[in-house]
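What follows is a single structure, written as structure tokens, with notes after it.
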Number of protein chains: 2
Amino acid sequence: MDVVPLDRELAETYASWFRALADPTRVQLLAILSAHGEPLSVGELTARLPIGQSTVSHHLAALVAVGFVHVRRQGTSSLYSVNPRCVERFPSAADVVMGRRPPEPAQACG
Amino acid sequence: MDVVPLDRELAETYASWFRALADPTRVQLLAILSAHGEPLSVGELTARLPIGQSTVSHHLAALVAVGFVHVRRQGTSSLYSVNPRCVERFPSAADVVMGRRPPEPAQACG
DNA sequence: CATTGTCATCGACTATCGTCGATACTCGAT
DNA sequence: ATCGAGTATCGACGATAGTCGATGACAATG
């Protein structure tokens, strides 16, 4: 804690969380899902953004990879929704980096 | 607000803030500066990280560009310290993306 | 003025990212 | 079994980012 308050491993975990929101499209995707509440399909999300379907699917996969978003297949479509637990853990990670909260061992959110 | 709760411009601003912390080295740099309180020079920061001096300087410039960090030249050395105003505004931006706070016109932090 | 110490910048290289079009895959319906 | 709708994946491209070593800029010191 004297030399480096955050060890490399925890710093990489936090960086991966921030990296998930380092693109304006992913920021908008998460904002849309958060505001809408109920799950949305890839087609519905693509209709609200000026990018192609494959790109939307790509960004959604990135959000799923870090746990911010959860996906559930229903018939031929995939329904995406926010993962409340990961989303709540994210601002606290920001507080840790800013020195307003003690570092915790960054448990994954199931 | 019905189609996209965050317009593209605000999303890009928030994404640039998150992108500033999308690298583990920058996360550690900000954590070191936050924990230490008083300003630190480039050499002192380089001594605590396993990377070269030019790389540290490069990352510090990125943190200054988004306003998270402030730099003050004193003699032959540059002293870096956290910018409390920008650092406080960052978690609220996270809340906006997560839908827990209404979007605000993202004013820059002097 | 010359030297030393500190930092920023430059050039180069590699790796990763964002995007697209095309294609493959999955599932329900006919 | 076939078809169509909805997604995911692939391959490719340009753009950006992270890193390093070397060099340049600048201030303090002698």
Side-chain angles (χ1 to χ4, degrees), chain A residues 4 6 8-9 11-33 38-66 68-81, chain B residues 4 6 8-9 11-33 38-66 68-81:
Chain A
V4 176
L6 248 68
R8 187 71 180 185
E9 183 180 349
E12 288 188 1
T13 299
Y14 287 167
S16 70
W17 295 359
F18 293 129
R19 194 180 307 116
L21 297 183
D23 181 86
T25 298
R26 286 194 294 272
V27 168
Q28 286 188 302
L29 279 173
L30 197 57
I32 292 172
L33 291 175
E38 298 182 4
L40 286 171
S41 68
V42 177
E44 292 171 319
L45 291 168
T46 303
R48 313 190 184 204
L49 293 174
I51 58 179
Q53 173 265 320
S54 66
T55 305
V56 171
S57 181
H58 170 69
H59 285 308
L60 287 172
L63 290 174
V64 171
V66 297
F68 283 160
V69 161
H70 176 253
V71 57
R72 162 172 60 99
R73 305 214 54 157
Q74 174 172 325
T76 156
S77 64
S78 296
L79 299 183
Y80 286 85
S81 55
Chain B
V4 176
L6 247 68
R8 186 71 179 185
E9 184 179 350
E12 289 188 1
T13 300
Y14 288 167
S16 69
W17 295 359
F18 294 130
R19 195 181 307 116
L21 297 183
D23 181 88
T25 297
R26 286 194 294 271
V27 168
Q28 287 188 302
L29 279 173
L30 197 58
I32 292 172
L33 291 175
E38 298 182 4
L40 285 171
S41 68
V42 178
E44 291 170 320
L45 291 168
T46 303
R48 313 189 185 205
L49 294 174
I51 58 180
Q53 174 265 320
S54 65
T55 306
V56 171
S57 181
H58 171 70
H59 285 307
L60 287 172
L63 290 174
V64 170
V66 297
F68 282 161
V69 161
H70 177 253
V71 56
R72 163 172 59 99
R73 306 213 53 156
Q74 175 172 326
T76 155
S77 64
S78 295
L79 300 182
Y80 287 84
S81 55

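Remember, it's a predicted structure, so these values are computed and weren't measured experimentally.
- Between the side chain of B:S54 and the base of D:dG21 there is at least one donor-acceptor pair of N/O atoms closer than 3.5 Å.
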inquiry  = Test side-chain contact (heavy atoms from CB on, under 4.5 Å) on B:L30 and B:R26; report intermediate values, then the result.
reply    = CA-CA 6 Å; B:L30 197 58; B:R26 286 194 294 271; over 6 Å; no
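- A:T55 comes within 4.0 angstrom of a base, heavy atoms only.
- Judged by distance alone, the side chains of B:T25 and A:R8 do bring a donor and an acceptor atom under 3.5 Å apart.
- Going from atom CD of A:Q74 over to atom P of D:dG6 covers 14 Å, rounded to whole Å.
- One interatomic measurement links the two molecules: CG of A:L49 to C1' of C:dC20, which rounds to 16 Å at whole-angstrom precision.
- Dashed line: the shortest gap from a side-chain N or O of B:H59 to OP1 or OP2 of D:dT19 is under 4.0 Å.
- At a threshold of 4.0 angstrom between heavy atoms, the contacts of A:H58 include nucleobase atoms, whether or not backbone atoms are also involved.
- For A:S77, no side-chain nitrogen or oxygen approaches OP1 or OP2 of D:dA5 to under 4.0 Å.
- C:dC7 atom C1' lies 16 Å from atom CZ of B:R72, rounded to whole Å.
- Across the protein-nucleic acid pair, B:L29 atom CG and C:dC7 atom P stand 13 Å apart, rounded to whole Å.
- To the nearest angstrom, P of D:dT16 lies 15 Å from CZ of B:R26.
- Checking each of A:V56, A:L33, A:L40 against A:Y80 for a side-chain contact (heavy atoms from CB on, under 4.5 Å) leaves exactly one that passes, namely A:L33.
- The phosphate of C:dA8 has OP1 or OP2 within less than 4.0 Å of a side-chain N or O from B:Y80.
- Side-chain contact between A:E44 and A:P39: absent, with no pair of heavy atoms (C-beta onward) separated by less than 4.5 Å.
- Contact between the side-chain N/O atoms of A:S57 and the OP1/OP2 oxygens of D:dA8 is found at a separation under 4.0 Å.
- Each of A:A22 and A:G75 was matched to the nucleotide of DNA chain C holding its nearest heavy atom; the match closer to the 5' end belongs to A:A22.
- At whole-Å resolution of the value, CD in A:Q53 and C1' in D:dT7 are 5 Å apart.
- Here OG1 of A:T46 is found 7.5 Å from CG of A:L60. Values are rounded to the nearest 0.5 Å.
- In this structure, of D:dT7, D:dA17, C:dC7, it is D:dT7 that holds the atom nearest to the side chain of A:V42.
- A sub-4.0 Å separation between OP1 or OP2 of D:dA28 and a side-chain N or O of B:T76 is absent.
- Spacing between atom CZ of A:R73 and atom P of C:dT26 amounts to 9 Å, rounded to whole angstrom units.
- Look at CG on B:L40: it is 15 Å from P on C:dT6, rounded to the nearest Å.
- Judged by distance alone, with hydrogens and angles left aside, B:T25 brings no side-chain donor or acceptor close enough to the base of D:dG18 to form a pair under 3.5 Å.
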